[in-house]
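Please read the structure below before turning to the comments.
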Amino acid sequence: MPLKGLANSSLVEAQGFRKVSDPYGGGEVVVIPAIAPDWAVLHVHECDPGGNAFIDGSRYDDVLLALAAGKVLVTCEKIVGNDRFVESPRRTDFPGFMVDAVVEVPGGARPTSCARLYPYDREFLTAYLQAAADDARYGEFLAARVYGAQKGVSL
Amino acid sequence: MSLHIADQMAVSLARLLRNGETVFHGVASPLPMVAILLARKLHAPDLVYLNITGSVDPQPERLPESTVDPVLLAGTAGFFELKDVFDLAARGRLDTAFLSGLQIDRRGCINMSAVGPYDRPKVRLPGGAGSAFLMETAGRVLLWRTKHDSRTFVERVSFATACGRVDRVVTPLVVFRLGPQGLEVESIHPYADPELVRRETGFPVTVDADTPVTPPPTEAERTALAAVDPDKVRLFEF
């Protein structure tokens, strides 16, 4: 994919990006290889059982990720009926045929935020940051706060 | 870090913004967020405010410390997403982008990638996100950094994550302008000592009694700053 900019960056050499001559006369452009992940795992606000997905906030690169990945796993706050998507199709962020699996996981974005529903969990993230400084403490943290978390109980 | 340094930086950044221009900031950018809202309240009411959440001219009720917080969606009437911002910049229609760097060199190049060899770094930095692209495509780039020392402001970065259209650099001590010889001191903040600026800058700078002093925040600027940032989020980066 050709990209304007980037030509002055050390990243071009470090990443082995190539430059080509723009066949339409725009000079030299950097071309970067496509990123093709095997899986994209995305958390959204609503899905129907067929994988149609609605994000009620910033989408960032989520739609691009869904369309670039080999397979797509979507977790959602709530599974709703297909009629919700049929009655207002423009709010569908990516269609179900691109999705391989749907799982209803309320709170699935925690400890990060889910727009309009819950903020990021500063206490958890701070504790993670501190614990991650050494392997032993990180193991304890995972045991207590992640693997040891009770179903239905907030992180 | 005292409040007046954060105030001076927020005000100095806001003064650089122009009415009617289109301005973008990304992640981890509390000072640019405050500066943009301040400029909109003062001299640039028609500035178009874009940011990484995809909101357009948001009017947040309280300012978040994280500039990807959904709080920054408040009041937007639509989305202009990051990919749209990049396309806008590629078309030459993004006037101003705010960027920063762990290290900034005399040429205005920033390092956000690695200290030491890129493949075996002494310190792996967070990465440049879109800086390498925006640095060469935005109309101009305003850099800010809340630390001014000789490890941050270096003669030449070992790894140039991004190089390009830097206009000004605002630090706790000075406003740099990018001239033909590289970064030069445009003004020194009222409380800063010229000797300190020379010592803490890792390349030669001219700063003496003839160097203009950055005007301190005016009464109107202080009042507007207190109104847009009552929780003093501008202190968060210090």
Side-chain angles (χ1 to χ4, degrees), chain A residues 1-17 19 22 26-32 35 43-45 54-68 77 90-91 93-94 109-126 129 132, chain B residues 26-27 51-55 58 64-66 68-74 76 79-84 86-92 94 97 107-114 117-119 121 127-138 141 156-166:
Chain A
M1 175 174 134
L3 193 68
K4 208 166 186 178
L6 207 69
N8 298 338
S9 172
S10 304
L11 285 166
V12 173
E13 194 190 333
Q15 296 286 345
F17 294 150
K19 292 179 182 174
D22 174 0
E28 213 175 38
V29 288
V30 178
V31 286
I32 54 170
I35 300 172
H43 187 70
V44 306
H45 289 72
F54 169 58
I55 299 168
D56 193 13
S58 302
R59 303 190 303 177
Y60 295 103
D61 302 321
D62 288 4
V63 175
L64 292 175
L65 283 169
L67 304 189
E77 292 290 328
R90 288 195 60 111
R91 69 197 271 287
D93 289 306
F94 48 90
R110 289 197 164 94
T112 59
S113 66
C114 193
R116 299 177 195 276
L117 296 179
Y118 44 89
Y120 59 87
D121 185 339
R122 172 184 287 271
E123 186 280 326
F124 184 96
L125 291 169
T126 306
L129 197 62
Chain B
V27 299
N51 64 84
I52 196 159
T53 68
S55 63
E65 290 168 340
S66 159
V68 288
D69 195 308
V71 166
L72 269 185
L73 299 177
T76 190
F79 279 91
F80 197 80
E81 298 181 326
L82 192 56
K83 63 182 171 58
D84 307 319
F86 283 11
D87 283 346
L88 188 75
R91 291 177 59 202
L94 177 64
R107 304 167 296 167
C109 298
I110 61 174
N111 181 8
M112 291 285 276
S113 302
Y118 183 75
D119 294 325
S131 354
F133 169 80
L134 285 178
M135 191 72 125
E136 298 179 42
T137 53
V141 170
R156 201 174 177 91
V157 288
S158 57
F159 190 93
T161 307
C163 265
R165 300 177 174 173
V166 169

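Distance CG/B:L134 to NZ/A:K4: 12.5 Å, rounded to 0.5 Å. Expressed to the nearest 0.5 Å, how far CE of B:M135 lies from CG of A:L6 amounts to 12.0 Å.
By the 4.5 Å heavy-atom criterion applied to side chains, A:L3 and B:F133 are counted as neighbours. Considering only heavy atoms from C-beta on, B:K83 comes within 4.5 Å of A:L64 through its side chain. Side-chain contact check for B:S66 versus A:Y120: some heavy-atom pair is nearer than 4.5 Å. Considering only heavy atoms from C-beta on, B:D69 stays 4.5 Å or farther from A:P119 through its side chain.
Chain A forms more heavy-atom pairs under 4.5 Å with one residue of B:A160, B:G54, B:G128, B:C163 than with any other, namely B:A160. The candidate from B:S131, B:P64, B:A132 with the greatest count of non-hydrogen atom pairs under 4.5 Å with chain A is B:A132. Contacts with chain A were tallied for B:T137, B:L82, B:T53; B:T53 has the most, counting heavy-atom pairs under 4.5 Å.
The parts of B:V68 that come within reach of chain A are both its backbone and its side chain, each placing non-hydrogen atoms under 4.5 angstrom from that chain. For a residue to count as touching a neighbouring chain, one of its non-hydrogen atoms must lie under 4.5 Å from one of that chain's; by this rule B:I52 touches chain A with backbone and side chain alike.
A donor-acceptor pair under 3.5 Å links the side-chain atoms of A:S9 to the main chain of B:T161, judged by distance alone. A donor-acceptor pair is defined here as one N or O able to donate and one able to accept, closer than 3.5 Å; such a pair exists between the side chain of B:E136 and the backbone of A:A7. For the pair A:N8 (side chain) and B:G164 (backbone), a donor-acceptor distance under 3.5 Å is absent.
Atom CD of A:E13 is surrounded by 12 or fewer heavy atoms from other residues, nucleotides or ligands within 6.0 Å. Around the CZ atom of A:R116, the shell of radius 6.0 Å holds no more than 12 heavy atoms that belong to other residues, nucleotides or ligands.
Shortest non-hydrogen contact noted between A:A14 and B:F159 is CB-CE1, 3.7 Å. Listed here is the closest heavy atom pair of B:Y118 and A:L11: OH-CD2, 3.8 Å.
Here the rule is side-chain contact (heavy atoms from CB on, under 4.5 Å) with B:P70, and of A:S113, A:S58, A:C114 only A:S113 fits it.
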